[in-house]
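Every chain is numbered from 1 and lettered A, B, ... according to where its sequence line falls, protein lines coming before strand lines.
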Amino acid sequence: EAGVAQSPRYKIIEKRQSVAFWCNPISGHATLYWYQQILGQGPKLLIQFQNNGVVDDSQLPKDRFSAERLKGVDSTLKIQPAKLEDSAVYLCASSSSFYSPLHFGNGTRLTVT
Amino acid sequence: QKEVEQNSGPLSVPEGAIASLNCTYSDRGSQSFFWYRQYSGKSPELIMSIYSNGDKEDGRFTAQLNKASQYVSLLIRDSQPSDSATYLCAVSQASGNQFYFGTGTSLTVIP
């Protein structure tokens, strides 16, 4: 089975610019997650989708971050405008059902200068 | 109080020894518990899942769960240098099914 696909792998932008990340989950996985992982820390949940509906976005900085999952498959996470503290790895994960383990993509390493 | 807590380490063990990693969680209704391994610069990789009290063994890895104490641990027997990584504890909570991760424990196995 193909894994979770993410792109791009790396992105360098200047502060106040915008950036978008793309994720394609494992086929058939209804639940999709976006995590932010800052160096030396554990992954922090940004948003969770069940099909194309949002289950939890309580930790998403909504003044600058947005995410969507049209048609319940692919998802896009956007940051606009970026801040220096947004430098992190953005991980997309999917699972087949509630309480099932998460499968992660390779992540996107974002550097904001 | 953080939802999931781990000792950040670093933890160093000699090759062939047993490495013991610990995790506590705050939501008593949590249902699912996972251990992930993360190599530097890589994404987390699932190594163990456990859903009921007791021990679960998979090769050199044993996960232990004690829901009454809200405690989950991972034992790595016959530790190898290739086990050197950060180990993340993840807990699926009862409400909303959020997955929360600990900060991870850095393990170094010394040859």
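Both the backbone and the side chain of A:Leu102 come within contact range of chain B, judged by heavy atoms closer than 4.5 Å. At a 4.5 Å heavy-atom cutoff, A:Gln50 makes no contact with chain B through either its backbone or its side chain. Neither the backbone nor the side chain of A:Gln6 comes within contact range of chain B, judged by heavy atoms closer than 4.5 Å. Residue contact with chain A, scored on non-hydrogen atoms closer than 4.5 Å, is absent for B:Glu45. At a 4.5 Å heavy-atom cutoff, the contact between B:Tyr36 and chain A is made by side-chain atoms alone.
With B:Tyr25 as reference, B:Phe33 is the one residue of B:Tyr100, B:Phe33, B:Phe101 to meet the ring-ring contact (aromatic ring centres under 6.0 Å, His included) rule.
For the residue pair B:Gln64/B:Ser73, the side-chain donor-acceptor check at 3.5 Å is satisfied.
Checking side-chain atoms of A:Asp56 against main-chain N and O of A:Gln48 turns up no donor-acceptor pair under 3.5 Å.
From B:Cys89, atom SG reaches atom CG of B:Asn22 across 9.5 Å, with rounding to the nearest 0.5 Å.
Using bins of under 30°, 30° to 60° and over 60° for the plane-to-plane angle, the ring pair B:Phe99/A:Tyr33 lands in the perpendicular bin.
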